[in-house]
Each structure stands twice: as structure tokens, then as C-alpha cells.
Amino acid sequence: KNAKDVVRENEVQTVDVVKEQKTLVEKRVITPGAKERKSLLNPTDETQVRNICGHDMKFTNLSKVYWPKDNVTKRDMLNYYYQVAPYILPYVKDKPQTLNRYPNGIEGKTFYQKDVKGKAPEWVKTFPYHSYTDGRDKEFSVITDEASLLYVASLGCIEINPWSSKTQTPDNPDWCIIDLDPDKNTFEQVIEAACLTKSLLDAIEVPCYCKTSGSTGLHIYIPFGAKYDYEQSKEFGRVIAKLVHAQLPEFTSIERKVSDRSGKMYIDFLQNRPQATVAGPYSLRPKPGAPVSMPLHWDEVKPGLSIRDFTIFNAIDRLKEQGDIFTGVLGEGIDLNETVKKIESLFGG
DNA sequence: GGGGAAG
DNA sequence: CTTCCCCAACGCCCG
DNA sequence: CGGGCG
Ligand SMILES: [Mn+2]
Ligand SMILES: [Mn+2]
């Protein structure tokens with residue numbers, strides 16, 4: 001049996017299963033605290049102080065234009081993260097952050113910051129680590145609530161880049177990420193690769209959820225429920241990436257070196273390593289249009305889908321209509337032993 | 001973006 | 001008080 | 001070891 005046929009057969013089965021479940025499962029998820037939030041910052045004052053979670057927080061440079069082509073300011077960005085906080089927090093709460101800072105907007109100089117030791121307010125939780133680069137003990141910042149989310153945003157972090165694991169179980173990711181990074185590809189090819197990944201995972205009865213990256217690609221998340229370590233997540237990602245690549249060799253690649261990819265889409269599974277990150281769900285991106293990494297229904301992942309359709313201007317409206325459709329990634333993790341057995345029986349290991 | 005030194 | 005300057009990642013992988 | 005990579 002070749003892998004494609006196996007996927008086809010199982011596609012039919014799983015489609016039926018999903019249809020039956022749909023009427024039961026399609027209840028809209030209620031996100032606590034998300035109803036009718038007022039705006040956090042007024043449209044005029046350049047500096048404003050707000051008490052959030054008991055902390056007096058000062059927000060500065062609020063009229064600084066972060067997205068010049070779209071005339072979106074730092075104030076707009078902070079108001080967005082305030083509004084989206086109830087939706088984004090379940091995915092970032094208690095996760096150490098890689099800060100990707102744009103203090104002068106998306107066209108200004110940018111830098112990464114991991115260590116916030118002695119720099120963040122004392123109420124911002126941190127996670128200690130040792131840097132082998134310079135032999136010093138340092139601390140990641142951790143988002144724990146609305147205040148710490150807004151704190152990192154106020155530093156110019158347009159993107160929210162959380163670890164896949166929480167401080168409680170730092171070695172055990174909540175999910176495995178398949179990151180589709182197109183190069184000289186059409187977006188239809190990205191969609192095709194995502195749908196093939198979905199079919200393949202359906203065939204081995206592994207749940208998966210898709211979102212736009214907000215940039216050019218798509219992210220597929222598989223719930224791991226902190227049951228395994230990063231090495232296991234990465235190796236599972238590698239197996240899936242190889243299977244997808246084997247079926248779409250014409251336009252995908254799993255080569256790490258860019259020049260070895262010859263313009264093909266990179267199926268990036270290496271973000272499933274300790275401390276590696278991608279922009280989380282509902283994160284803004286430092287790109288023209290002020291796009292948002294937006295969770296999708298699988299039936300939206302088809303030609304016609306456009307990443308630029310999901311932006312700071314409409315993300316909250318979509319959330320109010322649809323609710324949070326990404327909660328599945330927070331569900332119970334897959335059974336890796338069972339899954340590996342299914343892969344072996346269907347695809348010959 | 002923020003802190004500290006210099007002007 | 002304003003202006004200037006400086007600082008703000010990391011670890012794996014491969015040749 | 002240095003450079004590429006995301
Ligand atoms: Mn990507
Ligand atoms: Mn990537």
C-alpha cells in the first residue's frame with residue numbers, strides 16, 4: 001500500500017466521524033471575561049497610567065506609529081492586546097517569553113531580548129536559566145496575566161513568542177508545531193501541504209489545529225498535553241515532516257540549509273526544541289497590514305484563504321462572532337506510543 | 001524602551 | 001532639564 | 001571551531 005492511498009481511505013472514514021460529531025461539538029466556546037471590554041487607553045494622552053491586576057502601569061509613547069503604512073499606533077496595539085487578553089492568555093499563560101522588540105515600529109531597529117533579570121518590575125514572574133554564551137545566570141520573563149501581557153507589549157513586543165511549555169513543566173511542551181514556511185511557493189501550495197498534513201494526521205487519529213502565522217505561512221499544532229519532552233516532540237515533528245515531504249517532494253523541503261531547499265517550502269519541525277518559539281495564536285505580526293496569527297477552521301483552509309484577511313482591524317470582531325476555535329490544542333495530549341504504532345502499520349515506520 | 005552619564 | 005549613548009539571544013547543526 | 005538558521 002502506498003501512503004497516499006492509505007491517507008485517501010482514511011480521509012473518507014474520518015470525514016464521516018467528524019460530520020457526526022459536528023452537531024454536538026460545534027457549540028461556541030465561551031471565553032471568560034471576553035464580553036464587552038472597554039478600551040484600555042484613551043485616544044489622546046501620550047502617557048497614561050492604568051491599574052491592572054493591582055499594578056499601576058505606565059504606558060508611554062502611545063502615539064508612536066508602529067505600522068506606518070496602516071497608521072496603527074502603539075496605543076492601538078496595546079488596546080488590541082487588552083481586548084484579546086481573555087482569548088490569548090490560555091495559550092501563553094505561565095510560558096517564558098522570547099521578547100522580539102520593535103520599540104520604533106515595524107520599520108525601526110529590532111532586537112531580541114531573553115534576559116530581563118533586574119529589568120522588569122518585581123511583580124513580573126521570571127524563569128531562571130543559565131546562559132552558556134557568557135556563563136551567567138539570567139531570567140526569562142513569563143506572562144501570567146493581563147498585566148504581564150501588557151507589560152511585554154509595552155516594551156515594543158509586537159509579537160508574542162511563548163515557549164511551548166509552562167514553567168511548571170518546563171521540559172514538557174503543550175503542543176508540537178508543524179511550521180510551514182513557504183519560499184518561492186504559491187499560497188495554494190501552502191494550503192495543499194497543510195491539508196495533506198491534516199489528512200495524514202487524521203489517518204493516524206491525531207488531532208491537529210491550523211492557524212495563519214500572520215506572515216506568509218501556516219502553523220499546525222498537535223496537542224501534547226505536557227506528556228512528553230521536547231526531544232520526543234521534535235522527533236514526532238520530524239516524522240510528520242518527512243511523510244509530508246515524501247508526498248509533496250516537488251515543492252517542499254526538510255533541509256535546514258536554505259540554499260539546499262532550492263526555493264521550496266520549508267516544513268519546519270525544529271521549533272519543537274527547548275526555548276524555540278513561533279508567534280502564538282492571536283499574536284500581532286510586524287508586517288504591513290498589522291496581521292494577526294489567526295486560528296482557522298479546517299474548512300477555511302482551501303484556495304481563497306488569505307493570510308492578510310486577519311488583522312488588528314477585524315480580529316476582535318471575528319472572535320466575538322466565533323469565539324476561541326483553538327481550544328483543542330489545550331486538550332489531552334496524544335498517546336505517542338499508540339500513534340507511533342499506527343504510523344508503522346500504515347506507512348511502514 | 002529605559003537607564004545613566006554627560007552637557 | 002535635555003541629549004547622547006548604550007544595551008537588549010540562543011543553541012543546535014554541519015562542514 | 002565558525003557560520004547558518006529561525
Ligand atoms: Mn513560520
Ligand atoms: Mn520556521
Side-chain angles (χ1 to χ4, degrees), chain A residues 46-49 57-66 73-75 77-78 81 96-122 124 126-141 148 150-165 170-171 173 177-183 213-219 229-231 233-235 237-238 241 253-280 283 285-287 293:
Chain A
E46 190 63 8
T47 295
Q48 299 177 40
V49 176
M57 297 181 65
K58 187 167 121 188
F59 300 99
T60 60
N61 302 306
L62 293 175
S63 297
K64 192 179 274 190
V65 178
Y66 271 15
T73 61
K74 184 183 180 187
R75 175 190 294 106
M77 183 184 84
L78 289 165
Y81 278 118
Q97 303 293 315
T98 292
L99 306 184
N100 187 189
R101 296 180 55 186
Y102 293 79
N104 291 298
I106 72 172
E107 291 175 4
K109 267 215 163 46
T110 173
F111 57 92
Y112 286 96
Q113 180 176 11
K114 296 193 174 180
D115 182 27
V116 299
K117 190 174 184 177
K119 296 172 185 170
E122 83 292 341
V124 174
T126 60
F127 185 77
Y129 70 104
H130 183 79
S131 168
Y132 291 91
T133 308
D134 58 11
R136 299 164 72 99
D137 291 318
K138 304 182 178 182
E139 295 173 0
F140 280 92
S141 59
S148 43
L150 290 168
Y151 171 70
V152 299
S154 78
L155 295 176
C157 294
I158 290 173
E159 295 182 344
I160 302 300
N161 284 294
W163 285 17
S164 292
S165 57
D171 301 326
I177 301 168
I178 305 296
D179 172 22
L180 301 177
D181 289 334
D183 184 3
S213 73
S215 182
T216 59
L218 295 171
H219 295 157
D229 62 22
Y230 277 101
E231 182 65 21
S233 178
K234 184 187 74 183
E235 289 309 313
R238 187 197 303 272
S253 170
I254 52 173
E255 298 294 333
R256 200 179 71 102
K257 204 160 179 266
V258 172
S259 58
D260 290 343
R261 294 178 200 157
S262 51
K264 297 175 181 177
M265 178 186 343
Y266 183 42
I267 306 174
D268 184 2
F269 58 89
L270 288 175
Q271 298 310 315
N272 300 298
R273 295 187 295 192
Q275 303 188 13
T277 61
V278 302
S283 172
R285 302 302 305 273
K287 305 281 174 182
S293 177

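Letters A, B, ... mirror the listed sequences (proteins, then strands); counts begin at 1. Note that the structure is predicted; figures quoted are calculated from it, not measured. Computed from heavy atoms alone, side chains included, the values below leave out hydrogens, waters and symmetry copies.
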Just N and O in the side chain of [X]: are any of them under 4.0 Å from OP1 or OP2 of [N]?
| X | N | result |
| --- | --- | --- |
| A:Lys117 | C:dA8 | no |
| A:Lys257 | D:dG6 | no |
| A:Tyr151 | B:dG1 | no |
| A:Arg136 | C:dA9 | no |
| A:Thr133 | C:dG11 | yes |
| A:Thr277 | D:dG6 | no |
| A:Lys58 | B:dG1 | no |

Just call it for [X]: base, sugar-phosphate, or nothing, with non-hydrogen atoms closer than 4.0 Å on any strand.
| X | value |
| --- | --- |
| A:Tyr102 | nothing |
| A:Val258 | sugar-phosphate |
| A:Ser154 | sugar-phosphate |
| A:Lys64 | sugar-phosphate |
| A:Ser131 | sugar-phosphate |

_With rounding to the closest Å, how many angstrom separate the C1' atoms on D:dG4 and C:dA9?_
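Approximately 15 Å lies between the C1' atom of D:dG4 and that of C:dA9.
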*Which value, in whole Å, describes the distance between the C1' atoms of nucleotides C:dG11 and B:dG1?*
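C:dG11 and B:dG1 have their C1' atoms separated by 27 Å.
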_Distance, rounded to the nearest Å, where A:Tyr266 contributes OH and D:dG4 contributes P_ =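 Rounded to whole Å, this separation is 16 Å.
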*asked:* Without decimals, in angstroms, what is the distance between A:Gln271 CD and C:dC12 C1'?
replied: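 The distance from CD of A:Gln271 to C1' of C:dC12 comes to 12 Å, rounded to the nearest Å.
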*Can you tell me which residue pairs pass the side-chain hydrogen bond (donor to acceptor under 3.5 Å, both in side chains) test with a partner in residues 269-279 of chain A, sequence neighbours excluded?*
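side-chain hydrogen bond (donor to acceptor under 3.5 Å, both in side chains) check on residues 269-279 of chain A returns A:Asp268-A:Gln271.
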*Side chain of A:Arg256: nearest nucleotide among B:dG1, C:dA8, D:dG3?*
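For the A:Arg256 side chain, the nearest candidate turns out to be D:dG3.
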